[in-house]
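Reviewing the structure listed below.
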Number of protein chains: 2
Amino acid sequence: MTSDLGLRERKKLATRIALSDAAWSLMTEHGIDAVTAEAVAAAADVSPRTFRNYFASREEAILDGILLRANRLVEALRTRPADEPVWDSLAHVLPDMIMSVLGERECDVATLVRVCSENPAMLAQQLAVFGRVERLIAEVIAERTGADIERDLAPHLLAAVPGATMRAVLNFWAGGVTDATLPDLVRTSIAQLRDGLPLGRAAPVA
Amino acid sequence: MTSDLGLRERKKLATRIALSDAAWSLMTEHGIDAVTAEAVAAAADVSPRTFRNYFASREEAILDGILLRANRLVEALRTRPADEPVWDSLAHVLPDMIMSVLGERECDVATLVRVCSENPAMLAQQLAVFGRVERLIAEVIAERTGADIERDLAPHLLAAVPGATMRAVLNFWAGGVTDATLPDLVRTSIAQLRDGLPLGRAAPVA
DNA sequence: CACGATTTTTCCGACTTGGAAACTTTGCCG
DNA sequence: CGGCAAAGTTTCCAAGTCGGAAAAATCGTG
């Protein structure tokens, strides 16, 4: 998968990953304030200036790994059977997506969500990442439904709504007041969206 | 409404409004790059340092008026009849909200949306504003449905989904490929959400 | 190996950010 | 009214951030 790249390209990728990994570790282990260009660069054995060549901000570096994994899941959405209803494809891919984004480090992600809720810059970057993923999802949806991404509202709506759902679920889950697993929460919420949201007195989902 | 404030408070408010108005005008008339702390402060007849006392960034200053008006509409949601189903309240208030946010300056808002889609910092701030409004909406919903804002997912979902819808509609409308009015687009989309999103081949909404 | 292309590094000037203290304005009370 | 405390504004400035430019190192290819 990465083997069709030359040495130069592989090194660039390695540097990028080393930097974002270092940024992530610094955040989870020593807090967001420990994530400076100097510290991250030192951990990845490059100059601070090189760090800035790769990332415009520490927030971008920290979330780069998540963006990467999210992009892979968008690809998964693209390879679903062409005749599957969009909504089924989403329901199938999203729970996996959220798990993949987590990787093996559940509690670290809970930390991330908490940091994002306290730190404006991190929140902004988190929302930016979601926005970019949503844009890609809208494109896939447009492609499969034959909609025109420039002229139709539907694909954007169909991407934005599950996106908002994922965000709400993540924040809820990271709050720590539920025993439900993340994929289950996603499944439940997606199912509710498909059937129309609860009216009147909203039934607590969990 | 503002008359129960002392002179000091009124002056503070006036300064804040003068600054955010100046920031808004500078953006619409001379572009985002013209909005510097110096220029905004000069236009509002205060020192640059005072500008920074009020706003952490130019983006915050530009969008402060919109946040203000959005907050007022959240209040409108709060004063809807207590026995009205949440979803009806939202359907009733959101089209007004989007119009009020516009104020009289439709084309300026289209400019804003375009700027936000090109400028990462503005996009971040726009999303932050949406996020804060959504949080307030979630609180109102929790209050009226008897849900616990800390322990239930439903109010957050019910706030996030219309929020995402508003964002999608705004971007679509500002794209300029539709003749539909903004409130009509909102109404159509909200109705679709209530009934469950379109499946399979997504019907173009407009 | 050698040359061009790309990446990394060093150096550095321009810009941003926010703390500290002086100064001005406002609120309040004798 | 006069004066004092609280709050807001301004000036000054030190520390930090950002990104351009050119030198140095590394890589791809003939």
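Quick caveat: nothing in here was measured; it's all calculated off a predicted structure.
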Starting at atom [atom1] of [X], determine the distance to atom [atom2] of [N], rounded to an integer number of angstrom.
X: B:Asp33; N: C:dT16; atom1: CG; atom2: P; value: 11 Å
X: B:Glu38; N: C:dC15; atom1: CD; atom2: P; value: 9 Å
X: B:Leu13; N: D:dT9; atom1: CG; atom2: C1'; value: 17 Å
X: A:Arg10; N: C:dT7; atom1: CZ; atom2: P; value: 15 Å

Quiz item: Quick one: does B:Arg78's side chain have a donor or acceptor within less than 3.5 Å of a partner on B:Arg144's backbone?
Solution: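 Answer holds: no.
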Side-chain contact, heavy-atom cut-off 4.5 Å: [X] with [Y]?
X: B:Met166; Y: B:Leu94; result: yes
X: A:Ile149; Y: A:Arg135; result: yes
X: B:Phe130; Y: B:Leu170; result: yes
X: A:Val113; Y: A:Trp173; result: no

Exercise. For DNA chain C, determine which residues of residues 40-66 of chain A have any heavy atom closer than 4.0 angstrom to one of its atoms, and list them numerically.
Key: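 Nucleic-acid contacts, sorted: A:Val46, A:Ser47, A:Arg49, A:Thr50, A:Asn53, A:Tyr54.
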Distance from [X] atom [atom1] to [Y] atom [atom2], nearest 0.5 Å?
X: B:Leu193; Y: B:Trp87; atom1: CG; atom2: CH2; value: 5.0 Å
X: B:Gln192; Y: B:Thr165; atom1: CD; atom2: OG1; value: 9.5 Å
X: B:Asp184; Y: B:Asp179; atom1: CG; atom2: CG; value: 12.0 Å
X: B:Asp152; Y: B:Leu157; atom1: CG; atom2: CG; value: 11.5 Å

Quiz item: Just by protein heavy atoms under 4.0 Å, how would nucleotides 25-30 of chain C read 5' to 3' in B, S and -?
Solution: BBS---
Self-check item: Inter-axis angle, terminal five-pair segments of the helix from C:dC1-D:dG30 to C:dG30-D:dC1 [nearest 10°]
Solution: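 Helix axis angle between the two ends: 20°.
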Practice problem: Would you kindly say whether B:Asn53 and B:Arg49 are connected by a side-chain donor-acceptor distance under 3.5 Å? | Solution: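 There is such a pair (donor and acceptor under 3.5 Å, judged by atom type) between the side chains of B:Asn53 and B:Arg49.
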Exercise. Ignoring backbone atoms, test whether B:Thr15 places a side-chain nitrogen or oxygen under 4.0 Å from the OP1 or OP2 oxygen of D:dT9.
Key: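 Indeed, a polar side-chain atom of B:Thr15 lies that close.
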Quiz item: Stepwise, does the salt bridge (Lys or Arg N to Asp or Glu O under 4.0 Å) test hold for A:Arg167 with B:Glu134?
Solution: CA-CA 12 Å; A:Arg167 235 170 304 144; B:Glu134 276 176 31; 5.2 Å; no
